[in-house]
Undergrad: 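Here it is, the structure in full.
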Amino acid sequence: MTPDLSTELAGIPLRNPVLLASGTAGYGTEMLPFVQLEQLGGLVAKSLTLEPRTGNPPPRIAETPAGMLNAISLENVGVDAFLADKLPALPPHATLIASCFGTEPGLYARVCERLDAADGLAGIEINASCPHVKSGGIEFGQDPASLSELIRACRPATELPLLVKLSPNVTSIAEMARVCEGEGADGICLINAVQALMVDPETRRPVLANGLGGLSGPAILPIALRMVYQAAQAVSLPICGIGGIRSAADAVAFLLCGATAIQVGTANYANPSAAVEIRDGLADYCRRHGIAAVSELIGALRV
Amino acid sequence: MTPDLSTELAGIPLRNPVLLASGTAGYGTEMLPFVQLEQLGGLVAKSLTLEPRTGNPPPRIAETPAGMLNAISLENVGVDAFLADKLPALPPHATLIASCFGTEPGLYARVCERLDAADGLAGIEINASCPHVKSGGIEFGQDPASLSELIRACRPATELPLLVKLSPNVTSIAEMARVCEGEGADGICLINAVQALMVDPETRRPVLANGLGGLSGPAILPIALRMVYQAAQAVSLPICGIGGIRSAADAVAFLLCGATAIQVGTANYANPSAAVEIRDGLADYCRRHGIAAVSELIGALRV
Amino acid sequence: MRPETRPGHDAERRRVVGRVLDSGPFALRLEAPGFPAHAPGQFAMLQLDPGLERVDPLLPRPMAVYRREGDALEFRFRPVGRGTRIMGSLAPGEAVAVVGPLGRGFRLPEGAALLVGGGTGIASLYELARDSSGPLRVALGAATQAELLGLEDFRALDCELSVSTEDGSAGRKGRVTDGLGIRPGESVYACGPNGMLRAVAALAEEARAPCSVSLESTMACGFGICLGCVVPVRDGFRYLCTQGPVLDAGELCWEDLP
Amino acid sequence: MRPETRPGHDAERRRVVGRVLDSGPFALRLEAPGFPAHAPGQFAMLQLDPGLERVDPLLPRPMAVYRREGDALEFRFRPVGRGTRIMGSLAPGEAVAVVGPLGRGFRLPEGAALLVGGGTGIASLYELARDSSGPLRVALGAATQAELLGLEDFRALDCELSVSTEDGSAGRKGRVTDGLGIRPGESVYACGPNGMLRAVAALAEEARAPCSVSLESTMACGFGICLGCVVPVRDGFRYLCTQGPVLDAGELCWEDLP
Ligand SMILES: Cc1cc2nc3c(=O)[nH]c(=O)nc-3n(C[C@H](O)[C@H](O)[C@H](O)COP(=O)(O)OP(=O)(O)OC[C@H]3O[C@@H](n4cnc5c(N)ncnc54)[C@H](O)[C@@H]3O)c2cc1C
Ligand SMILES: Cc1cc2nc3c(=O)[nH]c(=O)nc-3n(C[C@H](O)[C@H](O)[C@H](O)COP(=O)(O)OP(=O)(O)OC[C@H]3O[C@@H](n4cnc5c(N)ncnc54)[C@H](O)[C@@H]3O)c2cc1C
Ligand SMILES: Cc1cc2nc3c(=O)[nH]c(=O)nc-3n(C[C@H](O)[C@H](O)[C@H](O)COP(=O)(O)O)c2cc1C
Ligand SMILES: Cc1cc2nc3c(=O)[nH]c(=O)nc-3n(C[C@H](O)[C@H](O)[C@H](O)COP(=O)(O)O)c2cc1C
Ligand code: FES
Ligand code: FES
């Protein structure tokens, strides 16, 4: 029996539930030696701003117990260069979601417009949750009113499926999920990195030049899983689960908690073939448990 | 040179900055084979309720990447049995802080009253932040108004130094710290465990019988450090740093971020002598860096 | 309340950093001078990374002391997960922290005894068998021959030994409890999977034989500070690390055990 | 923009799970069939736990390929932290994932060359020395004798070799750059701590000699997907993993390097 791995996220049909997370797979081409993108559910490319953007000075990353801290600060080539150079270089049958970012709602909306006009995109993910960019970013994902405003600006800018990527740095993820539902988002993605800090006792300075950074990797998986579960209880929007996923068992846990797809982030660094291995492991899991379609797992947690 | 390790927390003089965290060192006697309590800064005993309390059915704990999940649910012998049986069994020169918990402010206050009347306590920590108790607990630590109300109920109930232990499951730890300062708390302790979930893909059930639990251990250290830093920027209350501390280097990082003392939690399970080793390591660190008094490190982060 | 006279209850406990003598997929021997005397059925918490440098896995693992000879502490196990896999692949000389001895072990039998060990549960019974003075029967079972931990050692004891494996690779084919009869006057001591213990307890109850079982549960600390290790008994919970791992079969809520 | 002709830039890269042949505190040899051909100065990311079972440490470690012989890949290092300590204590047969070859290596010298290696930086230079065809001088320095990685191998090459250690335990006592003169027509190639590279770059600038330096930075991925590995250059940043690790000394902002 070959299990049916297909699923759907916010109207985007996916070959399987395994996507690559924004900022952890470059613009896709970098992954080609390790992953055939057509074999995955899809790719969410690095977040794009209207203009090219340079990030923070080094050090930008540091290892933490079972995780890592980053403050790249959304360095990217800008939406125009992306559409001109990066998008055409991707395999035609890969499912591609663009991620957009801005320091104010109007800037987000303009990125959405340009992406909307392009060919070859399956959807747009709004990054409302960068934990270490000082202006914008974190405020949108942490404050219900700003989040509303942001979605309201972006929604009319595109007819593509609109996904909102949420911040974990909130008291109630359910509340933020409800805002997305109320404003007409097509789906939500969670979680982005958790705001965090590491200090070097020898230099007595923060390890990252930026000071604060975002914590990602297996360390945060139990937090992400809880938030996906809580969001799934709160809204009927489709959810893409993200946070520390490194194995098919992890992916299954997210599906059971209500995610209709998942994204692999930091694990790509630890093993650039992780996403394909997770996809294969999902098929094995289904076979082993006599599950005909992976979609049967969605929300099937026994409580 | 023997560095001076002494410090002070909310008016409580401490031999050194290393305390044992509530719920991770029992009532103290269990630790005696591994730790001489008089050699530590102090002990925060397991949270006490007015009546004895039984916790959740098993499984109550699970391992996570570089951390653990628990949902003990504040099982304890009750404040009276604590005062009658547990307190007298402790070495007379140990510095002891009691932790109190209740499902409503009035119940907290009554625990505080009984503790206040006892001899041998250096202070009271209010546990406003148990991440997996369904009534009470989490609401106090997550909602500024409830937190106000809670402190307002407890403050008049005792003349002992009153510490408030905060939840990390909030959008703004600075805001919660300010509430504590405004309501006359003598200090704050952070963080308690992060609300989280683990799922067993084989059984398709949550790993813990309770479903949700609290994530602790090295995995959460970078989150805790960030919150201590943010709280220290927001208020001038003394701060006791907690979260994933397992080494002297970790303890130094918390002091640099503004903590005047720290608590060792999950590391006690991994190594019951961890706290003494951390104390010794702090002395070594000071020696190595030519620091005469550990208090010089408090808030000395170079940013 | 449990009687306060259970061996090991008041025993001194300590954290000792031992050195690996040898290690393999089913056994670990440590040189652990200073580890206090223990009673049969007591256990230790093994921290495979005493300096907490690599904190995944973070928690120490509970292991019955299989045998002690001089300063050499021996543990027997099956590689089931990360901890036991690491345990079985340590190089001689590597450091392992041992906290113990922990828990309440077995009371030595006063008369005839039947010991029933299933799978890794066998490890908890060897010293009880060795130190028993009355007439002794031992029934050991496992999935397959390789998992009959310490069979040679039991063979060398003066006891009536029966062996079974589920795949028939050694001894009788079947389960250790198949056809197991309790003789009049025998006390029963068992350690193994909950299903096996349940079956043994039922047999003992039927035969009105006293029955002590050694259980397992997830443990973070092993000595009473985490309150994580509860098992359901008639009047609530027992902390398995301080009130067990050996409990009277009669007091357990078998239906609530996994 | 960097010239697109740098060796290794377009090289095939791959993830290969190799097996440990031998490992010790300063060297690791892997049997890694299928690892694509590489150029001197390229590196690999080593994941010591290919199944990601123990995720502390989580990230792979960047290591220069010291030498390749058939399917055997050799790395040289000093145990400085968790990763390199584990690397030096792997048992033969253990699995290690290798992603590579990565980065842009050295352009082979066209005329006379001076190679300057300090500490673990020596590891990046051996194949460059071996494969150079013009007149070759090599200056190696380290804190102490044991850290003069691969000294025997350099000795076997046809080159003018000078050696120094800071403690005088081998060669001249002092730093590798002490009294180092650049001869007319020499191109300079250096790898080592930033302080050493800075000194070499200053000498090269003074002598107007072309100078390529191989740098280090913290890396999560090694192939361009994390954007973590930037180093400051005159007009912004370079990604060390894809645009380096070998860069022209002249384009670096030395004052912004740690
Ligand atoms: C008092 C006591 C004495 C024990 N003595 C022995 C012994 O002598 N020999 C032996 O082989 N085993 C013994 N065990 C069981 C042993 O502790 C577990 O097998 C071990 O902790 C699993 O660790 P792991 O990292 O290999 O597995 P993990 O990766 O942690 O998990 C693998 C599987 O084992 C289960 N498991 C994990 N931890 C425990 C645990 N503490 N108890 C039961 N199941 C668990 C998990 O649910 C999972 O299914 C004992 C347990 C207790 C409580
Ligand atoms: C392209 C490249 C090639 C390299 N080749 C070699 C080599 O051939 N031989 C060799 O010994 N080393 C080499 N290194 C350095 C090596 O990667 C680090 O020493 C190693 O990652 C440290 O890992 P650790 O776990 O032992 O130390 P950690 O515990 O991670 O850290 C120990 C110390 O090393 C520092 N450190 C950690 N990671 C790095 C890093 N990626 N780069 C620089 N410093 C770091 C930390 O700040 C800390 O001071 C190379 C680095 C790069 C970028
Ligand atoms: C180095 C790095 C860069 C990232 N950049 C982005 C980004 O540009 N846009 C975004 O939405 N998320 C970004 N993220 C967040 C990830 O997409 C993901 O949400 C987060 O890391 C949690 O998942 P993980 O634990 O699997 O990595 C980045 C994460 C890392 C580690
Ligand atoms: C098993 C367990 C039980 C706990 N019980 C309590 C408690 O009773 N009261 C309390 O305030 N905190 C309790 N905590 C939280 C710890 O005191 C501490 O705040 C948290 O674990 C983070 O620190 P750590 O990462 O060092 O463990 C408990 C934590 C654990 C792991
Ligand atoms: S294992 Fe911690 S209390 Fe029993
Ligand atoms: S190391 Fe990831 S981009 Fe260079």
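Labels below follow one simple rule: chain letters A, B, ... track the order of the sequence lines, proteins then strands, and each chain is numbered from 1.
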Undergrad: Considering only heavy atoms, which portion of C:V99 lies under 4.5 Å from any heavy atom of chain B: side chain, backbone, both, or neither?
TA: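 For C:V99, the contact with chain B is made by the side chain alone.
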
Undergrad: Assess the pair B:F101 and B:Y108: is the distance between their ring centroids shorter than 6.0 Å?
TA: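 Close enough - the centres of the two rings lie under 6.0 Å apart.
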
Undergrad: Please flag which part of C:R15 lies under 4.5 Å from any non-hydrogen atom of chain B: side chain, backbone, both or neither.
TA: both

Undergrad: Pick one of side chain, backbone, both or neither for C:P258, based on which atoms fall under 4.5 Å of a heavy atom in chain B.
TA: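 Answer is neither: C:P258 stays 4.5 Å or more from chain B.
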
Undergrad: How about C:F223 and B:F34: are their ring centres within less than 6.0 Å of each other?
TA: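 C:F223 vs B:F34: aromatic centres under 6.0 Å.
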
Undergrad: Could you tell me the separation between the CG atom of C:L227 and the SG atom of C:C221, rounded to the nearest 0.5 Å?
TA: 7.5 Å

Undergrad: Using a cut-off of under 4.5 Å for heavy-atom pairs, which of C:P60, C:S217, C:G224 has the most such pairs with chain B?
TA: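 Most pairs with chain B among the choices: C:P60.
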
Undergrad: Return the set of residues passing salt bridge (charged side-chain N to carboxylate O under 4.0 Å, His left out) with B:E202 (not counting sequence neighbours), or none when no residue passes.
TA: A:R288

Undergrad: Counting only heavy atoms closer than 4.5 Å, note whether C:M45 contacts chain B via side chain, backbone, both or neither.
TA: neither

Undergrad: In terms of heavy-atom pairs under 4.5 Å with chain C, which of B:G23, B:P272, B:P59 leads?
TA: B:P272

Undergrad: Please classify the contact between B:T64 and chain C as side chain, backbone, both or neither, with a heavy-atom cut-off of under 4.5 Å.
TA: backbone

Undergrad: Just verifying a value: how many Å separate C:E94 CD and C:L28 CG, rounded to the nearest 0.5 Å?
TA: 10.5 Å

Undergrad: Heavy-atom cut-off 4.5 Å, strictly under: side chain, backbone, both or neither for B:A270 against chain C?
TA: both

Undergrad: Answer with side chain, backbone, both or neither: which region of C:A97 has an atom nearer than 4.5 Å to a non-hydrogen atom of chain B?
TA: neither

Undergrad: Should we count CZ of C:R175 as having more than 12 external heavy atoms under 6.0 Å?
TA: no

Undergrad: Below 30° counts as parallel, above 60° as perpendicular, anything between as tilted: where do the rings of C:Y189 and C:F106 land?
TA: perpendicular

Undergrad: Are the charged groups of B:R53 and B:E51 less than 4.0 angstrom apart, N to O?
TA: no

Undergrad: Using heavy-atom distances under 4.5 Å, tell me whether B:T54 contacts chain C through its side chain, its backbone, both, or neither.
TA: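 Answer is side chain: those atoms of B:T54 sit under 4.5 Å from chain C.
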
Undergrad: Flag the one option from C:T218, C:D49, C:V231, C:L257 with the top tally of heavy-atom pairs under 4.5 Å to chain B.
TA: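 Option with the top pair count is C:T218.
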
